Structure formats: structure tokens, C-alpha cells
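So the structure is just underneath, and the comments pick up after that.
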Amino acid sequence: MSYEKVWANRPNLHASEIKKLEKDGLAIFNDVPFYAENGFGSIPREEWDSFKFAGLYLQRPKEAGYFMMRVNIPSGILTNGQVETIAGIARDYGRNVIDITVRQAVQFHWLRIEEIPDIFNRLEHVGLSSAGACGDITRNIVGNPLAGIDKDELFDTTEIVKDIYNFFQRNEEFSNLPRKYKLSISSNLYNASNAELNCASFIPATKEINGEYVVGFNVKVGGGLSARPYLAEQLDIFVRPEQVKNVTIAITTIFRDNGYREKRHHARLKFLVADWGVDKFRDKLFELTGPLPTKGEDASKGWKAGYFYGIHEQKQEGVFYAGFHVPVGRLHANELFEIARIAREYGNGDIRTCNSQNFIIPNVPREKVEELSQQSLFESITTNPQSFIGYAVSCTGMEYCNLALVETKARLRGVATYLDEHLTIDVPVRIHMVGCPNSCGQRQIADIGLQGVKLKSDKGMVEAFELYVGGTLLNGGKFNEKLKGKVNADALQDVLLSFLTFFKDEKLLSETFYEFVGRVGIEELQNHFTQILAEVLV
């Protein structure tokens with residue numbers, strides 16, 4: 001190795017850290033052929049967790065031997081061959097299931113160890129990889145799904161993201177980080193990458209330097225969710241596009257060499273930034289990069305939460321993109337094959353995945369737009385979804401995840417559909433559902449966040465939800481606040497209908513849910529929520 005593991009002799013290292021010192025996480029790729037040949041029973045239990053560095057987690061129940069695999073898609077940009085490969089893997093090995101994640105990646109389920117080498121080969125053949133999609137390593141780089149075609153981007157970030165992603169792929173100098181490490185790089189003016197949620201984010205900015213108007217990035221560090229969420233804080237630096245790679249390497253190096261490794265729940269970069277403060281972090285950064293200009297003028301205009309529904313003209317004249325809704329992010333192989341065909345016939349074959357768990361077909365000539373929109377597939381996967389299902393985000397949930405306490409995807413789809421059947425509001429309401437405190441469904445930034453818990457009842461422990469209100473990433477972000485009380489899962493749709501009817505009846509014209517929470521206040525919302533729970537329990 002070309003670097004020193006300066007943390008190796010720290011006292012009280014977590015057991016996982018000692019294991020990583022003995023064997024790098026990426027070494028699991030060398031072991032997969034043996035395990036594949038000899039079956040799941042040949043994998044020692046203590047090695048189960050190591051598969052995360054190859055993008056693999058065991059599904060619930062672990063002993064059954066089925067894996068979830070996550071595949072990186074930097075900026076969400078996929079070629080047609082890559083789309084068909086993903087669909088083929090799901091068809092052949094994954095019981096036809098494909099999930100789009102809130103970080104633009106895709107996930108398979110039901111994979112067996114015997115099948116993994118062929119899946120790796122198929123992915124590699126089309127330039128895809130699961131390496132680093134999970135584990136204590138640089139994860140999929142979130143970016144602007146419209147990079148290169150976006151009227152609302154400061155400049156094209158496609159090659160920047162690609163270069164940095166390729167640098168970190170299977171790079172053993174950065175494969176032993178204290179915990180997961182999430183990057184976002186986007187010049188979209190409406191924060192398409194949810195910058196404040198990432199360990200390090202590059203956001204569009206401009207600056208006058210020596211009389212020259214320069215476009216580039218401001219930088220935020222220390223974001224992250226889970227049980228102790230933090231919004232990323234801004235460093236007082238401005239970074240030109242050609243400097244992004246070196247600055248990213250420097251930030252990652254600081255995390256690698258200084259991040260906490262004693263307690264797993266305290267090992268994310270957000271804790272180091274919170275303890276050091278941004279000034280100390282910037283000074284440490286300068287030791288590696290040299291001085292950088294002070295921050296530029298933020299070019300952002302707002303936040304659209306990664307939604308791109310409808311038909312929109314690209315920056316290229318006469319060419320359009322179509323933004324489609326995928327209910328709670330779940331597709332099936334036959335649907336994805338059909339999407340690939342349609343993208344070939346009406347666009348250039350590419351599709352783009354969004355962190356709202358949706359997708360885009362780009363590069364559609366004007367004369368093909370109408371015919372594209374008339375494809376029968378798009379009766380269910382639509383460019384104009386109903387309000388509640390169209391803004392419903394869900395984690396994997398107890399169906400597959402060992403950490404989840406409740407079922408999520410099918411439940412949220414049913415709840416959102418029920419709300420759409422019974423209520424119409426003049427603004428969307430973003431509802432995010434998560435099965436545990438890890439918040440893979442980004443509950444904290446939702447208008448209404450639903451977090452799964454267990455509730456004691458006369459029937460024993462049952463599935464239930466806590467309710468949080470008023471999340472946003474506007475103006476630097478604000479996490480939603482918890483209302484007291486738990487909702488039995490069976491009563492969830494009725495409670496939400498009553499709660500949202502109150503919102504509809506009391507809101508101002510065009511007032512968003514976030515604005516409503518700010519105007520009415522948590523106390524009033526709590527009173528109404530408590531009243532609804534009392535009525536439901538009668």
C-alpha cells in the first residue's frame with residue numbers, strides 16, 4: 001500500500017476495524033469464485049458482512065442465503081446496453097424485481113452465491129459495477145440526472161462525476177474508510193443531488209477571480225441521516241471544475257485518516273465535522289490542497305426534490321426529455337426491457353435514474369414526443385402521476401431488509417393510492433416511509449415522514465408508525481419534527497386522510513405543506529394529530 005494506516009495502533013478500535021486491517025474489504029471479490037463453486041454453506045458466518053464491499057447484503061432471513069445487490073449508477077446515467085443488462089439480471093436471477101434507490105442506484109433481490117460470478121461478468125461487460133455500492137467505502141456518486149441536457153445546470157458535470165467515480169472504483173487506498181462515504185456533484189440549480197444529505201457535496205456557484213467570471217462549486221461537508229441526522233455545512237472555499245477531483249481526494253483522505261473508528265454508530269464524517277467545525281476542517285483541507293479561494297456566490301434557485309415529471313425541452317433545441325414516475329421505485333424486468341426498447345426507438349437509448357426513485361428518457365426529437373407518450377406502458381408508469389403516489393418514497397422495508405421493523409413498499413403504495421382516491425389537494429405532499437431509524441428512504445426531509453416501529457397491543461407487538469412533519473432542503477434544509485403518538489399500521493391510511501384533510505381545509509391557496517407547518521406551528525398540528533388518534537382508537 002502507498003499510504004500509512006495511521007489509525008492502526010489506536011486503542012479501542014471496533015472489531016470491524018481490526019478485521020479490515022487484517023483483510024481489505026475489497027478482497028471479498030477474490031473469495032467469491034470459491035464460495036460460488038461450493039455454495040452458500042461454504043461461507044463462514046463471520047464473512048457474511050464482508051460481502052457489502054461487493055455491493056451485497058444478505059436478505060431477511062440471512063440463513064436462507066439470498067442476497068440483495070446494489071449497482072452503482074453515477075449521476076444516474078445509463079446506456080441502453082446497461083439498461084438491458086440490468087433487466088436481464090433481474091429476469092434471470094432476481095425474480096424480476098428491480099428497485100431504484102434514493103441515490104440513483106438500482107437493487108436486485110433473491111440472488112444466490114452461485115450466480116454472483118456471472119452477474120459480475122455481465123455488469124463488467126457493460127461498464128457497471130457493484131463495488132463500493134455498500135460498505136465502508138465511497139458509495140455511488142449522486143449527480144444531476146439531466147447532466148449535459150439540463151437548461152437549469154450551470155455546466156455539464158458528466159465527465160467530472162465519471163472521472164472521480166472511476167478513481168475510487170476498487171482503489172484500495174480508499175477502500176478502508178471508517179464508515180460509508182457519500183458524495184454528490186451537481187450543477188443543477190434546483191439541488192437535484194440533495195446536497196445537504198451527503199458527506200461531501202459540490203454545489204453550483206460563480207465567483208469573480210482576477211476580473212474573470214468563473215463557474216464552479218461551493219462545497220458542503222458533514223451531511224448524513226440515520227438516527228442522528230446532520231445537514232451538511234458549507235466550507236468557505238470555491239472550487240473550479242478541474243479542481244474537484246483533487247479536493248474530493250483530499251476530503252476523503254481527511255476522513256480516512258482522522259475519522260472515528262471506535263464506535264460504528266459514531267464513525268460517519270458528519271461526526272468529525274461536527275466536532276472539528278468547518279474552519280478547522282478547511283484548514284486541514286488546505287494542508288493537502290494548498291489554499292483555495294473563498295466561497296463563491298451560490299447559483300442555486302431552490303429545491304425540486306429530484307422530481308422531473310412531464311415532457312420538457314432540453315438545452316439542445318428541438319430535443320426533449322420525458323420524466324416518468326415509478327411507484328415507490330419498484331420496476332419489474334419486463335417493464336425495464338420495454339423502457340429500454342422505447343428509449344431506443346424514441347430517444348438515443350439512454351435512461352437516467354433520479355434520487356426520487358424515478359427515471360427519465362432523454363434526447364427525444366420533437367416529432368417523436370407525442371408518439372412516445374402514447375406507449376401503453378406509460379398508462380401505469382406515467383409522466384403525470386397522481387399527487388400522493390407521485391411523491392411517495394419508500395425504503396426496502398421488512399420484505400427483504402434485516403434491519404427493518406415494518407413492511408414499507410407495498411404499504412406506502414396502498415396508502416398513497418387510497419389518499420389519491422379520497423383527497424385532492426392543490427399542491428403535492430411528499431410522503432417518505434422508512435422501516436427503521438437508518439432512514440434509507442430519507443424520512444427526515446419529507447413533508448410527512450413515516451418511521452416504522454413496533455407497538456404493544458392486545459394482539460402482541462404489531463407494526464406501527466411514528467409521524468414527522470415539515471422537512472425540506474430549501475435554504476440549506478430543515479429536518480422534520482416528530483409528533484407524539486404512534487399509528488397502528490392498519491389505521492395508517494385513515495389517520496393520514498384525516499390529517500391531510502385538515503391540511504386541505506386550513507391551508508392557504510398554493511401554500512405548501514412545509515409552509516403550512518411553519519405558519520400553523522407544531523403545537524396545533526400535535527393537537528389535531530392527538531385528536532385523530534383518539535377518534536381512531538375508539
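Hydrogens, waters and symmetry mates play no part in the numbers below; they use all other heavy atoms, side chains included. On a predicted model such as this, the values are computed, not experimentally measured, just so you know.
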Does a donor on one side chain sit under 3.5 Å from an acceptor on the other, for [X] and [Y]?
X: N475; Y: W303; answer: no
X: N198; Y: R103; answer: yes
X: S129; Y: Q169; answer: yes

Inter-residue atom distance [X].[atom1] - [Y].[atom2], 0.5 Å rounding:
X: N191; Y: D298; atom1: CG; atom2: CG; result: 9.0 Å
X: F120; Y: F29; atom1: CZ; atom2: CZ; result: 4.5 Å
X: N402; Y: Q59; atom1: CG; atom2: CD; result: 8.5 Å
X: N358; Y: I351; atom1: CG; atom2: CD1; result: 11.0 Å
X: L272; Y: H266; atom1: CG; atom2: NE2; result: 9.0 Å

Whether [Y] and [X] form a salt bridge (side-chain N of Lys/Arg under 4.0 Å from carboxylate O of Asp/Glu) is what I want to check.
X: K482; Y: E466; value: yes
X: K220; Y: E233; value: no
X: K19; Y: E46; value: no
X: R330; Y: D99; value: yes
X: D163; Y: K245; value: yes
X: D118; Y: R122; value: yes
X: D279; Y: R282; value: yes
X: E84; Y: R91; value: no
X: K23; Y: D31; value: yes

Centroid-centroid under 6.0 Å between [X] and [Y] rings:
X: W110; Y: Y400; result: yes
X: F108; Y: Y93; result: no
X: F281; Y: F255; result: no

Angle between ring planes, Y391 versus Y307, binned at 30° and 60°: parallel, tilted or perpendicular? tilted
| query | Taking it one step at a time, do R60 and E399 satisfy salt bridge (Lys or Arg N to Asp or Glu O under 4.0 Å)? | reply | CA-CA 7 Å; R60 174 193 296 263; E399 180 183 12; over 6 Å; no
Hey, is the main chain of [Y] close enough, under 3.5 Å, to the side chain of [X] for a donor-acceptor pair?
X: Q444; Y: F479; result: no
X: N80; Y: D350; result: no
X: N438; Y: C440; result: no
X: K20; Y: A15; result: no

Next on the checklist: Quick check with a 6.0 Å cut-off and a 45 degree axis cone: is R256 positioned over the face of F174's six-membered ring?
Outcome noted: yes
**Q.** Over-ring placement of K304 relative to Y190, 6.0 Å and 45° cut-offs
**A.** yes
Do [X] and [Y] have side chains that get closer than 4.5 Å, going by heavy atoms?
X: L183; Y: R139; answer: no
X: V32; Y: P117; answer: yes
X: R352; Y: P362; answer: yes
X: T79; Y: V83; answer: no

From the list Y66, W48, Y35, F51, ring pair (Phe, Tyr, Trp, His ring centres under 6.0 Å) partner of F40 resolves to W48
Ring pair (Phe, Tyr, Trp, His ring centres under 6.0 Å) test vs F271 passes for just one of Y230, W276, Y260, namely Y230
field: Pair T248-I251, side-chain contact (heavy atoms from CB on, under 4.5 Å): steps then yes or no
entry: CA-CA 5 Å; T248 302; I251 293 172; 5.9 Å; no
Atom [atom1] of [X] with >12 non-hydrogen neighbours under 6.0 angstrom:
X: K62; atom1: NZ; value: no
X: K263; atom1: NZ; value: no
X: N121; atom1: CG; value: yes
X: E262; atom1: CD; value: yes

Between D136 and the options R264, R261, K182, K180, the salt bridge (Lys or Arg N to Asp or Glu O under 4.0 Å) test singles out R264
Requested in this report: Would you check, one step at a time, whether the test salt bridge (Lys or Arg N to Asp or Glu O under 4.0 Å) holds for E63 with R45?
Outcome: CA-CA 9 Å; E63 293 75 13; R45 181 177 287 265; 3.6 Å; yes
